[in-house]
> 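So that we are looking at the same thing, I have put the structure below in structure tokens.
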Amino acid sequence: MSRFWSEAVRGLTPYVPGEQPRLAGLIKLNTNECPYAPSLRVLQAIRDAAGEELRLYPDPEATQLRQVIAARHGLQPGQVFVGNGSDEVLAHAFMALFRHAHPLLLPDVSYSFYPVYAQLFGIATRSVPLDPQLRLRVQDFLDAGPNGGIVFANPNAPTGIALGLDDVERLLRGNRDSVVLVDEAYVDFGAQSAVELIDRYPQLLVVRTLSKAHALAGLRVGYALGQADLIEGLVRVKDSFNSYPLDRLALAGATAAMQDDTWLAHTRGRIVASREQLSAELRDLGFEVLPSSANFVFARHPEHAAAELAAALREQRILVRHFRKPERISAFLRISIGTDVQCEALVQALRGVLQAPSPALGE
Ligand SMILES: *Cc1c(COP(=O)(O)O)cnc(C)c1O
């Protein structure tokens, strides 16, 4: 706290990212990164871009990358916005599209960055509870009263549960006067994308990232898809904030990534297979595992407190994520899908912890 801080800064409660430890040899299953290396074509493109031209600013419009993304989704380049990670894209969308008289609706259990952006930009929110099985109920959003926008992740984070495309469309049909933002950070692992609805619903914005399925969390590239006038609103915010959010290396790497469908299909297949295997093994250990369409599972054990399980795993150099809040998910662990070897190490460690005579029961 400094007396030089503005009142706005004093009032912030920043997002807390998952731990990025500097220790070697950890099994890191806490931030939903990909356990596999990115495509070799991506690495080569970045090397090729790492030359004399770095003295020049990058293309502020990311023309080539937006063309490649548009082509991949059957859209026009004017329907694509790119940013420094989807977190930045989300921030611009909140600023551009959600500052209205009515509150922004969001699920009570969701990506914990959404309320942080709302606070930063002075946007009132109303949280809509997920049902007892932690599923999003479209009707509850439609019944929540006037809103200045709706945001949710599909699949949801941290539950991993997907909402069907028919439900997404039902929400759009019942909510035509404010923007519906669908955060598809994990869509490649099994959910149906809403991209095909863009041409019919001018209020739909779909946000994607290369951090998860493309194994490029370190490159910081995300994008948004929507009708051209929505996208133009994001560009206005971007050009009032930072004209060059993507550097030359990120542009080169992301362009190559969006062209390597073979790598994506292969990697996605491996992760989905490992997810199904890990879910079955966790159930054998007595865990309740929510049905995941993402690259992580959300699981709780009826007899063991999640915080203590996470601490015990940490002692064995395995990191998983535990959220103390909101209360209704504090019994769960969120476990990113690692390689099969990492998943097996996790299962072995849990087996040891669950069988240990000292009760991990803190309640
Ligand atoms: C990981 C994640 C993001 C952020 O992705 P970046 O592109 O790395 O900023 C956004 N939304 C959800 C739901 C996520 O899980």
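Index from 1, following the sequence. Note that these values count all heavy atoms, side chains included, but never hydrogens, waters or copies made by symmetry. We count ligands from 1, going down the list as the structure has it; atoms in each ligand are counted the same way. Keep in mind that this is a model prediction, so the values were computed, not measured.
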> Counting only heavy atoms and a distance below 4.0 Å, can you name the residues contacting ligand 1?
G85, S86, D87, Y111, D183, A185, Y186, T209, S211, K212, R220

> Tell me if the centroids of the rings in Y15 and Y111 come within less than 6.0 Å of each other.
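For Y15 and Y111, the ring centres are under 6.0 Å apart.
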
> Are F298 and F332 close enough that their ring centers fall under 6.0 Å?
yes

> Which residues satisfy the ring-ring contact (aromatic ring centres under 6.0 Å, His included) test with H301, sequence neighbours excluded?
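With neighbours one apart ignored, the set is F287, H304.
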
> Are Y223 and H73 an aromatic pair, judged by ring center distance below 6.0 Å?
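That pair passes the under 6.0 Å test.
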
> Can you tell me if E184 and Q192 form a side-chain donor-acceptor pair at under 3.5 Å?
no

> Is the F296 ring parallel, tilted or perpendicular to the Y186 ring (thresholds 30°, 60°)?
perpendicular

